[in-house]
Amino acid sequence: MSGGGTETLVGCEVAPGGGGGGGKKRDSLGTAGSAHLIIKDLGEIHSRLLDHRPVIQGETRYFVKEFEEKRGLREMRVLENLKNMIHETNERTLPKCRETMQDNLKEVLQRLQAANDSVCRLQQREQERRKMYHDHLIATEKQHQLQWEDFMKEQPRRQAEVDEEHRRAMERLKEQYAEMEKGLAKFSTF
């Protein structure tokens, strides 16, 4: 393009007749056939650089083949064993557990009912005992209150008796001291 007759080759194609020296070379803006070759070359470049589907498919096939060869039917056997275990659990173990649980629950419920009845009886006895104790306390308190009232009613009479006795004792003492003074007066004359 820059000067005097240099032509470039497109897509590594060589003109008929040989290598690079004396033959006729194609023009870069050449014919429809050269455009077709350019598109073909671009398609190959695109598929090699950007289209990874064939590579991924090949790798996937290789992985599946290796996985199946190495693992064999082990997963199938494991799944079959799990299926058998689940079937046995559903058919035998669960009904047996359910039956055992129901039998034991009946027994436990009976024991709980008996314990509940015993507790109710004990609670009723305790309430009766507390009621009797409370009634006894009230009766005793009333009796003490009546005794106190009787005691307080007796106090003025007893006080009067004690005062009367005290007054008599004072009179006796006065008489006794009067006699003693008379007796001393006799002796003091000597």
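From a predicted model like this one, the values you see are computed outputs, not experimental measurements. What you see below is based on every heavy atom in this structure, not just the backbone, and it leaves out hydrogens, waters and symmetry mates.
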Can you find a heavy atom in the side chain of Leu112 that is under 4.5 Å from one in the side chain of Asn116?
no

Sequence neighbours left out, what pairs pass salt bridge (charged side-chain N to carboxylate O under 4.0 Å, His left out) with at least one residue falling in residues 87-110?
Glu107-Arg111

In Å and rounded to the nearest 0.5 Å, what is the CZ to CD distance from Arg77 to Glu80?
11.5 Å

Any side-chain heavy atom of Arg158 sitting closer than 4.5 Å to one from Phe151?
yes

Closest non-hydrogen atoms of Leu94 and Asn90, given as atom of the first, atom of the second and distance, are CD1-OD1, 3.5 Å

Is the shortest side-chain N to carboxylate O distance from Glu126 to Arg129 below 4.0 Å?
yes

From Arg167 CZ over to Arg172 CZ, what is the distance, rounded to the nearest 0.5 angstrom?
10.5 Å

Roughly how far apart are Thr100 OG1 and Gln102 CD, rounded to 0.5 Å?
9.5 Å

Partner residues of Tyr133 under the side chain to side chain contact (heavy atoms under 4.5 Å, CB included) criterion, sequence neighbours left out
Leu137

Are Glu149 and Lys153 close enough for a salt bridge, meaning some N to O gap below 4.0 Å?
no

Salt bridge flag under 4.0 Å for residues Lys131 and Asp135
yes

Distance (rounded to the nearest 0.5 Å) between Leu82 CG and Thr89 OG1:
10.0 Å

Any side-chain heavy atom of Trp148 sitting closer than 4.5 Å to one from Met152?
yes

Quick one: ring-ring contact (aromatic ring centres under 6.0 Å, His included) partners of Tyr177, sequence neighbours excluded?
none

Distance from Gln123 atom CD to Ser118 atom OG, nearest 0.5 Å?
12.5 Å

Would you say the side chain of Lys186 lies within less than 4.5 Å of the side chain of Lys182, judging by non-hydrogen atoms?
no

Flag yes if more than 12 heavy atoms outside Gln57 fall under 6.0 Å of its CD atom; otherwise flag no.
yes

With a cut-off of 6.0 Å (strictly less than), are more than 12 heavy atoms of other residues, nucleotides or ligands near CD of Gln147?
yes

Could you state the interatomic distance from CE (Met180) to CG (Leu173), rounded to the nearest 0.5 Å?
10.0 Å

